[in-house]
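Heads up: the structure comes next, in structure tokens.
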Amino acid sequence: MYSKEELRQLKLDFWQLFDKRCSVHPELQYRKRKWVLHKTKIKGVALRFDVSRKDAKVILELGNKNENKRLKAYEFLEKYKPVIEDGFANGLQWEFLHEREDSGAEVCRIYTQLEGVDFHRQNQWPDIFNFFIENMLKLEHNFLEIRDLLQEELK
């Protein structure tokens, strides 16, 4: 069991090592900004990494506080499901309603996950990093294909 300080340090070490891994990845090392993540240019739409004691996830999250806008965005993305899921052999998981553990906020999520990995096991970090990079590159690329259309839809 980790103390709060040890857990904080473990998280810091994880994300710092992930950043180093990204900086040497051939597809990321020359990019000005490694990931779009929260800077999608659409309010309430974010790309996220999530890691826990059970799994790792790469997520497209719709978190607009306005429920109508959030659901409109989700329905729009459903129309473009083939574009969003391009390159994902087993597709993605579509979650119409998810309550975030950290804030209790209701969001919609589209994600892929790697099960059976534990963030506390440092020997599994390389597998998690590879999963994050491979899948975020695909999800980010697919999202950018339709971002302008989604932005126009939500005006």
Determine whether a donor-acceptor pair (N or O, by modelled atom type, separation under 3.5 Å) exists between the side chain of [X] and the backbone of [Y].
X: E61; Y: R109; result: no
X: T112; Y: L92; result: no
X: E140; Y: V36; result: yes
X: Q151; Y: K41; result: yes
X: K65; Y: A105; result: no
X: D50; Y: K57; result: no

Review point. Does K81 come within less than 4.0 Å of E78, counting only side-chain N to carboxylate O?
Key: no

Less than 4.5 Å apart, side chain to side chain, heavy atoms only: is that true for [X] and [Y]?
X: S23; Y: L28; result: no
X: E106; Y: R70; result: yes
X: K4; Y: L7; result: no
X: R147; Y: I42; result: yes
X: Y80; Y: L149; result: yes
X: L60; Y: F143; result: yes
X: F49; Y: I59; result: no
X: L154; Y: F76; result: no

Practice item. Mind running salt bridge (Lys or Arg N to Asp or Glu O under 4.0 Å) on E75 and K72 for me, showing each step along the way? Key: CA-CA 5 Å; E75 289 170 1; K72 185 176 183 179; over 6 Å; no

What pair of heavy atoms forms the shortest contact from [X] to [Y], and how long is it?
X: C108; Y: L71; answer: SG-CD2, 4.1 Å
X: D55; Y: Q113; answer: OD2-OE1, 3.6 Å
X: W35; Y: L137; answer: CZ3-N, 3.7 Å
X: I84; Y: L77; answer: CD1-CD2, 4.0 Å

Practice item. Using the six-membered ring of F88, assess whether NZ or CZ of K138 lies under 6.0 Å from its centre and within 45 degrees of the ring axis. Key: yes

Mind listing the side-chain donor-acceptor pairs of residues 120-134 below 3.5 Å, one per line with the distance, residues two or more places apart or on another chain?
from: H120; atom 1: ND1; to: R53; atom 2: NE; distance (Å): 3.3
from: H120; atom 1: ND1; to: R53; atom 2: NH1; distance (Å): 3.3
from: Q124; atom 1: OE1; to: D118; atom 2: N; distance (Å): 2.5
from: W125; atom 1: NE1; to: F119; atom 2: O; distance (Å): 2.7
from: N130; atom 1: OD1; to: R21; atom 2: NH2; distance (Å): 2.8
from: N130; atom 1: ND2; to: P126; atom 2: O; distance (Å): 3.2

**Study point:** Qualifying residue, where the test is side-chain contact (heavy atoms from CB on, under 4.5 Å) with C22 and the options are K34, Q29, R31
**Key:** K34

Is there a path of hydrophobic side-chain contacts, each under 4.5 Å between heavy atoms, that joins [X] and [Y]?
X: W94; Y: V107; answer: no
X: Y2; Y: L17; answer: yes
X: L114; Y: L47; answer: yes

Review point. Partners of N68 by side chain to side chain donor-acceptor pair (under 3.5 Å), sequence neighbours excluded?
Key: none

